[in-house]
Amino acid sequence: MTHVTERSSAGANGGGGSRQPWSAGSSRSGRKRTVTYADAGVSIHAGERAVELLKSKVHRTLRPEVMGDLGGFAGLFRLDVKKYKNPILASSTDGVGTKLVIAQQLDIHDTVGIDLVAMVVDDLVACGAEPLFLLDYIACGEVVPDKVAEIGAGIADGCRYAGCALLGGETAEHPGVLRPDEYDLSATGVGVVEESEILSRDRVEVGDVVIAMGSSGLHSNGFSLVRHVLLGAGRMRLDTVVEDFGRQRTLGEELLTPTKIYARDCLKLIEECEVRALAHVTGGGIPGNLVRILPEHVDAVVNRSTWKPQPIFELVQAKGRIDDPEMESTFNMGVGMFAIVSADDADRALAFLAGRGIAAWQAGEVIEGTGMVQMIGQHTRG
């Protein structure tokens with residue numbers, strides 16, 4: 001516990017004599033006032049309690065390479081270099097964005113951690129890397145142990161789904177900067193890939209097939225626009241039951257649907273088929289992310305008529321009177337990940353993904369071009 005003690009600027013006898021050296025423990029009789037960290041709004045004990053509540057969840061994410069336990073100054077991970085000829089480490093960092101506002105308004109905190117992990121590990125797997133471990137950062141206005149434990153439980157669940165270890169992290173209390181009920185999340189992940197197996201645009205060829213993998217909904221992008229058109233201008237309530245969502249599902253439940261994590265499925269797909277490249281569809285939508293894996297001499301043609309986006313996208317577009325290009329440059333429109341595979345492996349890849357319970361379909365092809373994404377056709381409606 002840190003203490004700050006007031007002291008007089010006068011000398012020891014109260015006159016103009018020489019000043020006494022000050023130390024953290026020095027004080028003068030009658031002038032003593034001790035201030036604690038808790039007085040400033042930070043509870044160390046609450047943070048320690050949150051860690052205790054999380055331990056069992058974190059332990060379920062551990063891999064054999066993890067060394068030590070929670071509570072050290074750094075997380076330790078023994079990389080088995082014998083498995084690789086030329087191991088390359090990959091890293092990614094991200095957050096959840098303003099989807100957190102929805103979680104805070106609904107007081108539901110056990111899903112946004114899954115979103116956080118998804119944003120990081122699915123960027124890692126896009127280069128072919130296996131996610132090894134993740135470090136999280138939770139900043140909040142007030143550490144409420146049960147709430148932090150809920151957030152952390154979601155992060156731990158996401159790590160288990162991705163097959164990576166939750167190696168450590170930090171929970172910081174920022175009174176006066178964040179309101180007591182506010183928090184923000186970020187995470188950094190590290191993965192490894194054999195150098196010769198790194199996925200990149202250089203592998204993509206004319207004649208390859210573009211395979212789409214269905215999203216679970218909005219995922220974690222575009223929520224500032226969603227909140228503006230639905231909760232702001234649209235004046236909708238989060239507890240409103242939307243018939244198109246089915247199963248008496250409310251708007252809030254739909255918006256908090258966790259982001260789909262594709263990491264393990266993509267790694268298995270790489271083992272099974274000739275995968276040229278992977279594109280994780282986040283901010284920037286389908287055109288903005290698929291273009292990142294195209295060499296300059298080809299185009300990717302994506303046919304919208306091959307799938308129907310979930311009702312949430314139609315609701316956002318209708319309420320906000322948003323045009324198609326704006327929707328497609330902001331949201332995933334029902335596709336969370338693209339795989340570009342050789343034409344010979346397309347059917348095999350689709351069958352493999354179906355066997356793992358992944359909604360996937362052939363959405364397009366790679367043709368000669370100039371490194372652009374061509375969106376053709378129209379989504380089915382109704």
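A salt bridge does not link Lys268 to Asp265: none of the charged side-chain nitrogens sits closer than 4.0 Å to a carboxylate oxygen. Salt bridge present: Arg63 and Glu130 bring a charged side-chain N and a carboxylate O closer than 4.0 Å.
Formation of a donor-acceptor pair under 3.5 Å by the Asp115 side chain with backbone atoms of Pro258 is not found in this model. Distance alone, capped at 3.5 Å, is enough to place a donor-acceptor pair between the Ser329 side chain and the Glu326 backbone. In this structure a side-chain-to-backbone donor-acceptor pair under 3.5 Å is missing from Asp94 to Leu116. Under the 3.5 Å distance criterion, the side-chain polar atoms of Asp345 are matched with a main-chain donor or acceptor of Glu274. With hydrogens and angles disregarded, a donor-acceptor distance shorter than 3.5 Å links the side chain of Gln310 to the backbone of Ser215. The backbone N or O of His280 lies less than 3.5 Å from no partner atom in the side chain of Asp122, so there is not a single donor-acceptor pair. Asp239 places no side-chain N or O within 3.5 Å of a backbone atom of Gly252 that could act as its donor or acceptor partner. Here the side chain of Glu194 pairs a donor or acceptor atom with the backbone of Lys85 at under 3.5 angstrom. With hydrogens and angles ignored, the 3.5 Å screen pairs a side-chain donor or acceptor of Trp307 with a backbone N or O of Met333. Formation of a donor-acceptor pair under 3.5 Å by the Glu170 side chain with backbone atoms of Tyr137 is not found in this model.
When all heavy atoms of Ala129 and Gly191 are compared, the pair lying nearest together is CB-C, 4.3 Å. Annotation for Ala263 and Val121: closest pair CB-CG2, 4.2 Å, computed over non-hydrogen atoms. Taking both residues in full, the closest heavy atoms of Ala165 and Val66 are given as CB-CG2, 3.6 Å, listed atom of the first, atom of the second, then distance. Val125 approaches Leu278 most closely through the heavy-atom pair O-CD1, 3.4 Å. Nearest heavy atoms, Leu269 versus Ala339: CD2-CB, 4.1 Å. In terms of heavy atoms, Lys99 sits closest to His219 at NZ-O, 3.0 Å.
Thr98 and Ser224 share a side-chain donor-acceptor pair at under 3.5 Å. Looking at Asp347 and Gln362, their side chains never bring a donor and an acceptor atom within 3.5 Å of each other. Residues Asn303 and Ser305 bring a donor and an acceptor atom of their side chains to less than 3.5 Å of each other.
You'll find the side chain of Pro175 stays beyond 4.5 Å of the side chain of Glu142, heavy atoms only. Contact of the Val192 side chain with the Lys83 side chain is not registered, since no non-hydrogen atoms from C-beta on lie closer than 4.5 Å. Counting heavy atoms from C-beta on, the side chains of Ile102 and Val226 never come closer than 4.5 Å. No side-chain heavy atom of Leu218 sits under 4.5 Å from any side-chain heavy atom of Thr257. Between Val241 and Gln248 the shortest side-chain heavy-atom distance falls below 4.5 Å. Counting only heavy atoms from C-beta outward, the side chains of Glu328 and Arg304 approach each other to under 4.5 Å. Side-chain contact check for Phe331 versus Ile312: every heavy-atom pair is 4.5 Å or farther apart. Here the side chains of Leu315 and Met236 are in contact, with some heavy-atom distance below 4.5 Å.
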For a side chain to side chain contact (heavy atoms under 4.5 Å, CB included) check, start with the C-alpha distance between Tyr183 and Val112, then their side-chain angles and the critical distance, and finish with the verdict. CA-CA 11 Å; Tyr183 60 85; Val112 288; 3.9 Å; yes
Verdict with supporting geometry, Leu230 and Val316, side chain to side chain contact (heavy atoms under 4.5 Å, CB included): CA-CA 7 Å; Leu230 297 187; Val316 170; 4.0 Å; yes
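Hydrophobic clustering (ILVMFWY, side-chain heavy atoms < 4.5 Å, transitive): Phe338 and Leu267 are in distinct clusters. Leu178 and Ile151 sit in two unconnected hydrophobic clusters of ILVMFWY residues. Membership requires side-chain heavy atoms under 4.5 Å apart, directly or through other members.
Interatomic distance, Asp110 CG to Glu150 CD, rounded to the nearest 0.5 Å: 5.5 Å. Rounded to the nearest 0.5 Å, atoms CG (Leu100) and CG (Leu256) are 9.5 Å apart. In this structure, CG in Asp324 is found 9.5 Å from CE in Met375, a value given to the nearest 0.5 Å. Residue Ile293 holds its CD1 atom at 4.0 Å from CD1 of Ile340, rounded to the nearest 0.5 Å. To the nearest 0.5 angstrom, Glu254 atom CD is 13.5 Å from Thr240 atom OG1. The NE2 atom of His109 sits 9.5 Å away from the OG1 atom of Thr111 when rounded to the nearest 0.5 Å.
Heavy atoms from other residues, nucleotides or ligands lying under 6.0 Å from NE2 of His228 number 12 at most. Within a 6.0 Å sphere centred on CZ of Arg356, heavy atoms belonging to other residues, nucleotides or ligands number more than 12.
Applying the salt bridge (charged side-chain N to carboxylate O under 4.0 Å, His left out) definition to pairs two or more places apart or across chains, none involves residues 183-192.
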